Each structure stands twice: as C-alpha cells, then as structure tokens.
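What you see is a predicted model, and the numbers here were worked out from it, not measured in a lab.
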Amino acid sequence: TVKDIFESIVKVAKSLKIEAKGKQLVTELQQKLDMMRARANSKKKPKVLLIIGRNADKMTSMYIMGRNDFLNELLEIAGGENAYQGSISYPSISLETIIALEPDIIIELSAHHEGLTDHSVLNHWKKYPFIPAVKNNKVVVIKDGVWLIPGPRITVIAEKLQQIILAK
C-alpha cells in the first residue's frame, strides 16, 4: 500500500541515520499525491483496467491488477476507478472478462512486450472495437518495469496515470 511505502521510506532512512530526510521525503510525496487527488476529484472517474502481463503474441494468459495493491491506490488518486471490482489481488482473466468489464481505459504494464513495438502490441486490440477503451483509442502500453516496484517513484507513476486518465 502507499502507507506501507511511506513507512518503508522512514524505516530505511532511520537505519541510515537520516530519519529527518526520510520524513521530509514522505511529506513531499504525500503533498504531491494530495494535489493530484484534488485535481482529479471533480472529474468523472473512468473504469481503468491495468493488465500486468499477458502472452505477447495472443490475448491469453492475462493477469490484471486487483484492488489490494499500491497501483490501485495510485489509480484512484489519479482519478480512475479499477474496472475489476473483485477481491483477488492479481486475477488471471479471459478476453471475455475484459469485454464484460467494459473498461474505458486499458493500460498494459508489461516487460513481456520488450522488443515489440507499441503498434504490434496494440494491433491485438483492434479486433475488439466494441470494448470502450479500444473504440475510443484509449489503450496504452507501458513497458517500464518501475511501475511494478513500490517505492519513492510513486508520484511519477501517479502523474503518468493522471495524464492518461485526463487525456481527451
């Protein structure tokens, strides 16, 4: 969770005998997240599906981000709502489930797409124009593994999420 990340920063800073700097960093990160939350509060919350892995050449073996993770918290701070409302942390889902979830935005977070162009990854989605995210050209590929690492870069991730969510 975001709270766990903040606690870890303070613990690491304390063990390095720079506790004040750790607390200062946490305060700065919290302020940035609060500003993002305020910016997003008056906006409609689109349903966002965070795909954290899938077969690179097919729409199979898909895993998505559940609601029990820091990325879900950042998604909510940025102004989105997780399209998946179940209780499983990282469920494996089918294409049919994605169709049923009707996400407004799909974000593929996958290092498995390294070496593939975004165009080739996005081409798999073009067969499904009845999915709102596909129909509205709101499928985004993120190949940066940093997104899956809980740490002080959470504000960078939240800012990118907010840019995607608020983009027209």
Please check if the number of heavy atoms outside Tyr63 that lie under 6.0 Å from its OH is greater than 12. no
Using a strict 4.0 Å threshold on nitrogen-to-oxygen distance, state whether Glu19 and Lys23 make a salt bridge. yes
Please check if the number of heavy atoms outside Asp4 that lie under 6.0 Å from its CG is greater than 12. yes
What's the verdict on side-chain contact (heavy atoms from CB on, under 4.5 Å) for Lys135 and Tyr128, showing C-alpha distance, side-chain angles and the deciding distance? CA-CA 8 Å; Lys135 177 181 161 189; Tyr128 311 101; over 6 Å; no
Pair Lys3 + Glu7, salt bridge at N-O below 4.0 Å: yes
Side chain of Asn82, backbone of Tyr84: donor and acceptor closer than 3.5 Å? yes
Give a yes or no answer on whether the side chain of Asp104 reaches the backbone of Lys47 with a donor-acceptor pair at less than 3.5 Å. yes
Indicate whether any N or O donor in one side chain lies under 3.5 Å from an N or O acceptor in the other, for Tyr90 and Asn68. no
Whether over 12 other heavy atoms sit under 6.0 Å from Arg39 CZ: yes
So, does Lys160 use its side chain to make a donor-acceptor pair with the main chain of Trp147 at under 3.5 Å? no
Answer with yes or no whether the side chains of Glu159 and Gln163 bring together a donor and an acceptor at under 3.5 Å. no
Quick one: does Glu73's side chain have a donor or acceptor within less than 3.5 Å of a partner on Val2's backbone? yes
Pick from Leu50, Asp69, Leu161: which one makes a side-chain contact (heavy atoms from CB on, under 4.5 Å) with Leu74? Leu161
Run the numbers on Leu71 and Leu109 for side-chain contact (heavy atoms from CB on, under 4.5 Å), then give the verdict. CA-CA 11 Å; Leu71 278 176; Leu109 301 169; 3.9 Å; yes
